[in-house]
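Beneath this line is the structure, given in structure tokens, with notes to follow.
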Amino acid sequence: MIRKKTAVLISGKGSNLQALIEASRAPDYPAEITLVISNRKDAEGLKHAEKAGIATQIIPHQDYPGRESFELALQQALASARIELICLAGFMRILGADFVRLWPGRMINIHPSLLPEFKGLNTHARAIEAGVREAGCTVHFVVPELDSGPTILQARVPVLPDDTAATLAARVLAEEHKLYPAALKRVAESF
Ligand code: GRF
């Protein structure tokens, strides 16, 4: 089986990265994580990659005069590693339309809400504030418009009466760790 060379882009903790690394250890998993890129040198998730022996690259956005040059550096790193698929996993930079258009159907993101509800940040606090009974997470293809693009998979969890943003986030995150590997599998098998 040819495994699709996959890069994971992170900015922080990298618990989703870790879930993807674990899933990709199965010999029949259709994607292989061969590169982890962080825009922050202190991203904790880099440790998961290093432990797993995966190449890492730090591309600090503040070292570049603008988004275009930052994204050119990203693209160069991805191209030189012959990456075929990109997973955004807590990558806290908005990617411009020109970059996104280089990866049609080849770049996916995980968002901690039931899209199209609660795009953007602070999803759990907003879900509680809105009084919804269900929350969840979505893996979707990335398109130029933020937190939009066709849904690949979604998982739902209940919102409990005494939930705080933190307790709800933890319940959703546990689902994210199952959902993202399942969604990447589906996409990697599809081409
Ligand atoms: C997750 O909640 C993900 O849905 C969102 O950012 C968070 C990243 O968490 N996009 P981690 O870095 O994978 O632990």
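On a predicted model such as this, the values are computed, not experimentally measured, just so you know. Start at 1 and go down the list; that is how both ligands and their atoms are numbered.
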Just so I know, are the side chains of Ile108 and Ile86 near enough to count as touching, which here means a heavy-atom distance under 4.5 Å?
no
Residue and atom name of the nearest protein heavy atom (relative to atom 9 (O) of ligand 1), distance in Å to one decimal
Asn16 ND2, 3.9 Å
Name the atoms and distances for all side-chain donor-acceptor pairs under 3.5 Å in residues 181-191, with sequence neighbours left out.
unit_1, atom_1, unit_2, atom_2, d
Lys185, NZ, Glu189, OE2, 3.2
Ser190, OG, Val187, O, 2.6

Answer with yes or no whether Gly14 contacts ligand 1, where contact means a heavy atom under 4.0 Å from a ligand atom.
yes
Can you tell me if CG on Leu160 sees more than 12 non-hydrogen neighbours from other groups inside 6.0 Å?
yes
Determine, stepwise, if the pair Arg126 / Glu129 fulfils salt bridge (Lys or Arg N to Asp or Glu O under 4.0 Å).
CA-CA 5 Å; Arg126 286 157 59 210; Glu129 175 70 26; over 6 Å; no
Give me the residue, atom name and distance of the protein heavy atom closest to atom 4 (O) of ligand 1.
Glu176 OE1, 2.7 Å
Under the rule for side-chain contact (heavy atoms from CB on, under 4.5 Å), what residues qualify as partners of Ser11, not counting sequence neighbours?
Asn39, Arg40, Phe91, Met92
Shortest reach to atom 11 (P) of ligand 1 by a heavy atom, considering only Gly90, Ser15, Gly12:
Ser15
With a 4.0 Å cut-off on heavy atoms, is Ile110 touching ligand 1?
yes
Any N or O of Asn109 closer than 3.5 Å to N or O of ligand 1
no
